[in-house]
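Below you'll find the structure, written out as structure tokens, and then a few comments.
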Amino acid sequence: MPELPEVETMCRGIKSIEGYRVINVQMTKCDLKPISIVPPVGEILDILKNQRILDVGRLGKRVLVNFENDYSLVIEPRMTGLVMLENPPNTKHLRLEIALKAVEGQERGIPETLGESEKKLMFWDRRGLGTIRLLAGSDLKSQLAQRLGPDALTITAKMYSERFGGRKKEIKVALLDQTLVAGIGNIYAAEILFLAGVDPRSACDRITLAQWERIAQATQTILQTAIEYEGSTLSDGTYRNAINGEGSYQHCHRVYDREGMACTRCELGRIQRLVQGQRSTFFCPVCQRKRGRHASLKAE
DNA sequence: CATATGTCCTGAGAGC
DNA sequence: TGCTCTCAGGACATAT
């Protein structure tokens, strides 16, 4: 599920835990197969107990909770994971709970009745493909940060052409490769290529500089706007923000999950679906023709 | 049966 | 031969 805009929304939604300290860490008991948590929860508690949260960050599609002892909790939602503070969709798929308490003085000014001096950070995951890891700062760099490409919110046309340019891979497949650029997933890859007017089947080594410019510009436009809309909650309703609200960028989708519908830009083409790398791709065969130069960055 | 927002691992093949 | 990189395919677990 969550791609960069959804993960960014999760991070912003739990930002109020900054400065709180860890009281307890526990797996929620359920009959489902447990998710991957490394090291085991007891060990995590030993390392994090009473530790203050310095800040909340994002690394590609992962949420980072950074502690004062230089450890970081890396939460990777994968397809259906959610990081929440309130109202999880159900208890059946609740996987981990971290009890937090405000440090001395932090709760001052907040009425005790609101219970704001205590918070609970939860990880909920229906499919259970998500993972949680606790890493020391140096391991975070070597095991994770180093393997990821530049964050999609910072990538430029030059970086695109340098990192992608020599490859034979199709551009849609390459955009999903987190070692090339971090944060783009299946929905936003489709939307970015539509806005850029680039055929998703184009081989990277045949994409022109002008097209890389359009792809870079579209990356920023699509992702920034999707963040403003707090991400996409698809028809299955799985994605929710930190307090169980829905995103609304799904109403802005121009191609994703719109097979057979008329293209909103040219009104001639019908959105087509094809499979690339075992994943669905949606595009407008008129606006995204390989040699087409009709595409314009002006969205509406 | 087919579909699903993501990532990791394995094995094959290419190129040096 | 061996090392590295690339790419295709499957696995992971649950639900609609």
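The only option from A:I222, A:T225, A:L153, A:L223 that meets the side chain to side chain contact (heavy atoms under 4.5 Å, CB included) definition with A:P5 turns out to be A:L223. Among A:D151, A:I184, A:T9, the single residue meeting the side chain to side chain contact (heavy atoms under 4.5 Å, CB included) criterion with A:L4 is A:D151.
Look at CD on A:E191: it is 13 Å from P on B:dT5, rounded to the nearest Å. Between A:I35 atom CD1 and B:dT7 atom P there is a gap of 15 Å when expressed in whole angstrom units. The CG-P distance, from A:L129 to C:dA13, rounds to 8 Å in whole Å. Protein atom CZ of A:R78 is 13 Å distant from nucleotide atom C1' of B:dT5, rounded to whole Å. Between A:K33 atom NZ and C:dA11 atom P there is a gap of 14 Å when expressed in whole angstrom units. The separation between A:L144 atom CG and B:dT7 atom P is 10 Å, rounded to whole Å. We find that CG of A:D125 is positioned 12 Å from C1' of B:dT5, with the value rounded to whole Å. Between A:Y239 atom OH and C:dT14 atom C1' there is a gap of 20 Å when expressed in whole angstrom units.
In this structure, of C:dC7, B:dG6, C:dA15, it is C:dA15 that holds the atom nearest to the side chain of A:H93. Of the candidate nucleotides B:dT5, C:dA15, B:dT7, C:dA15 has the atom nearest to the side chain of A:R126. Nearest to the side-chain atoms of A:Q178 among the listed nucleotides C:dA15, B:dA4, B:dT7 stands B:dT7. Of the candidate nucleotides C:dT6, B:dC8, B:dA4, C:dT6 has the atom nearest to the side chain of A:R167.
Within 4.0 Å (heavy atoms only), A:L176 reaches no atom of the nucleic acid at all. Base contact: A:D236 has a heavy atom under 4.0 Å from a base atom. Residue A:Y256 is classed as a sugar-phosphate contact, given heavy-atom separations below 4.0 Å to backbone atoms only. The residue A:R62 sits close only to the backbone: its heavy atoms come under 4.0 Å of sugar-phosphate atoms, none of a base. Using a 4.0 Å heavy-atom criterion, one finds that A:S280 contacts the sugar-phosphate atoms exclusively. Contact annotation for A:Q278: base contact, defined as any heavy-atom pair under 4.0 Å involving a base atom.
Taking the centre and axis of the six-membered ring of A:F283, the NZ or CZ atom of A:R258 falls outside the cone set by 45° and 6.0 Å.
In terms of position on DNA chain C, the residue among A:V173 and A:R127 whose nearest nucleotide sits closer to the 5' end is A:V173.
Nucleotides C:dG9 and B:dT3 have their P atoms positioned 15 Å apart, rounded to a whole Å. Look at the P atom in both B:dC1 and C:dG10: the space between them is 15 Å, to the nearest Å.
Under a 4.0 Å N-O distance rule, the pair A:K61/A:E3 does not qualify as a salt bridge.
Contact annotation: A:K168 does not reach the phosphate of C:dC7 (side-chain N/O to OP1 or OP2, under 4.0 Å). Contact check, A:R273 against B:dA4: a side-chain N or O comes under 4.0 Å of OP1 or OP2. Applying the 4.0 Å criterion to OP1 and OP2 of C:dA15, one finds that A:K92 has a side-chain N or O inside that range. Close to B:dT3, at under 4.0 Å from its OP1 or OP2, lies no side-chain N or O of A:R279.
Atom OH of A:Y71 has 12 or fewer heavy atoms from other residues, nucleotides or ligands within 6.0 Å.
For B:dG6, the paired nucleotide is C:dC12, the pair qualifying as Watson-Crick or G-U wobble because both relevant distances are below 3.5 Å.
One side chain, A:Y188 or A:E6, offers a donor N or O that lies under 3.5 Å from an acceptor on the other.
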